[in-house]
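To keep things clear, I will list the structure first and then write my remarks on it.
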Amino acid sequence: MRYTKRAVTAVACALVLASAGAAHAGSGPAPAPSQRGERQSTAPSAAGNPASARAQAGGVCADAYQIGTTGYVYRSGERIASVKQFYSPSCQENYGYLWVWDSFRQTAGDYDVSVAVYSYSRDEVLGQESWTNSTVREFWSAGTDTVAECTAAVGAVRKAGDPLPDQAASSKRC
């Protein structure tokens, strides 16, 4: 059953993607250190903190910063999570990031989550990480070697008892 959920989530994430404006993952100037907010804290945050304990445990490079615009996961018309794509200049990797909103966490009980990087160039979901029966709020995909490709972060949340996950994608970056 657990593998079926993962397969459904992977397929659903691939289907959610919609075309958007494009820019190369490493293109344009990197944010100045003051804009990146050199993170001293290891606390998780809705903005995404590559220094958080979960990010570090997942191998996210400390200099990763958000690229593109945030996507939002909706359930019954209510925003329940944010999906962002991050890029690390030093590691030359992209990451997917999903943050579950407290308003959902406080009423949902447990839920299943997946987050990944979708490659438009390969038509594949890469670096996918999945969790079942979770109640945490911060999730990172594995790093992907997709900096030279068109990509988006994809994420899905399935509340216990729902037959399918709700999902979203960040903007497309080329």
Exercise. Looking just at side-chain N and O atoms, do T146 and N94 make a donor-acceptor pair shorter than 3.5 Å?
Worked result: yes
Exercise. Between D102 and R105, what is the shortest heavy-atom contact and its length?
Worked result: OD1-NH1, 2.9 Å
Seminar exercise, completed: Quick note, ring-ring contact (aromatic ring centres under 6.0 Å, His included) partners involving residues 147-174, not counting sequence neighbours, are none
Exercise. Taking all non-hydrogen atoms of both residues, which atom of S41 and which atom of A51 are closest, and how far apart?
Worked result: O-CB, 3.6 Å
Seminar exercise, completed: Rounded to the nearest 0.5 angstrom, the OG-CZ distance for S130 and R158 is 12.0 Å
Exercise. Run the side chain to side chain contact (heavy atoms under 4.5 Å, CB included) check on L98 and V157 step by step: do they pass?
Worked result: CA-CA 9 Å; L98 188 139; V157 178; 4.0 Å; yes
Problem set entry | Heavy-atom side-chain proximity of E93 to T144 below 4.5 angstrom | no
For this session: Determine, using ring centers only, whether Y95 and Y87 are less than 6.0 Å apart.
Result: no
Problem set entry | Nearest heavy atoms of G96 and V117, plus distance in Å | N-CG2, 3.5 Å
Problem set entry | From OG (S114) to CD (Q128), nearest 0.5 Å | 4.5 Å
Exercise. When you check the side-chain N and O atoms of T151 and Q85, is any donor under 3.5 Å from an acceptor?
Worked result: yes
Problem set entry | side chain to side chain contact (heavy atoms under 4.5 Å, CB included) partners for S103, two or more places apart | E78, W101
Problem set entry | Partners meeting salt bridge (Lys or Arg N to Asp or Glu O under 4.0 Å) with R122 (sequence neighbours left out) | E149
Exercise. Is the charged tip of R54 near the ring of F139: under 6.0 Å from the six-membered ring centre and within 45° of its axis?
Worked result: yes
Exercise. Is it true that the side chains of T135 and D110 contain a donor and an acceptor less than 3.5 Å apart?
Worked result: no
For this session: Could you go through the side chain to side chain donor-acceptor pair (under 3.5 Å) check for T132 and D112 one step at a time?
Result: CA-CA 4 Å; T132 56; D112 301 339; 4.8 Å; no
Seminar exercise, completed: Quick note, ring-ring contact (aromatic ring centres under 6.0 Å, His included) partners involving residues 140-174, not counting sequence neighbours, are F86-W140, Y97-W140
For this session: Under the side chain to side chain contact (heavy atoms under 4.5 Å, CB included) rule, what do V113 and E129 come out as? Steps first, then yes or no, please.
Result: CA-CA 8 Å; V113 174; E129 297 286 348; over 6 Å; no
For this session: Indicate the atoms forming the closest heavy-atom contact of P50 with A62, along with that distance.
Result: CB-O, 3.9 Å
Exercise. Is there any disulfide (SG to SG under 2.5 Å) pair reaching into residues 57-93, and which pairs are they, with sequence neighbours excluded?
Worked result: C61-C91
Problem set entry | F104 vs Y111, side chain to side chain contact (heavy atoms under 4.5 Å, CB included): CA-CA, chis, key distance, verdict | CA-CA 10 Å; F104 176 73; Y111 41 87; 3.7 Å; yes
For this session: Determine the minimum heavy-atom distance between N49 and E138, stating which atoms define it.
Result: O-OE2, 4.0 Å
Exercise. Taking 4.0 angstrom as the limit, do D166 and K159 come out as a salt bridge?
Worked result: no
For this session: Please list all pairs passing the ring-ring contact (aromatic ring centres under 6.0 Å, His included) test where one or both residues lie in residues 150-174, with sequence neighbours left out.
Result: none
For this session: Report the C-alpha separation of D63 and S90 in whole Å, then their side-chain angles, then the decisive distance to 0.1 Å, and conclude whether the side chain to side chain donor-acceptor pair (under 3.5 Å) test is met.
Result: CA-CA 7 Å; D63 67 336; S90 66; 3.0 Å; yes
Problem set entry | Between T69 and S171: side-chain donor-acceptor atoms closer than 3.5 Å | yes
Problem set entry | Straight-line distance of C150 SG to Y118 OH, nearest 0.5 Å | 10.5 Å
For this session: Examine R79 relative to Y74 and say whether NZ or CZ is less than 6.0 Å from the centre of the six-membered ring and inside a 45° cone about the ring axis.
Result: no
Exercise. Are any side-chain N or O atoms of T70 and backbone N or O atoms of K84, one a donor and one an acceptor, separated by less than 3.5 Å?
Worked result: no
Exercise. For V83 and V73, what are the C-alpha separation, side-chain angles and deciding distance, and is it a side chain to side chain contact (heavy atoms under 4.5 Å, CB included)?
Worked result: CA-CA 7 Å; V83 178; V73 178; 3.9 Å; yes
Exercise. Minimum heavy-atom separation for G71 to A168, with atom names?
Worked result: C-CB, 4.2 Å
Exercise. Distance from L126 atom CG to S141 atom OG, nearest 0.5 Å?
Worked result: 9.0 Å
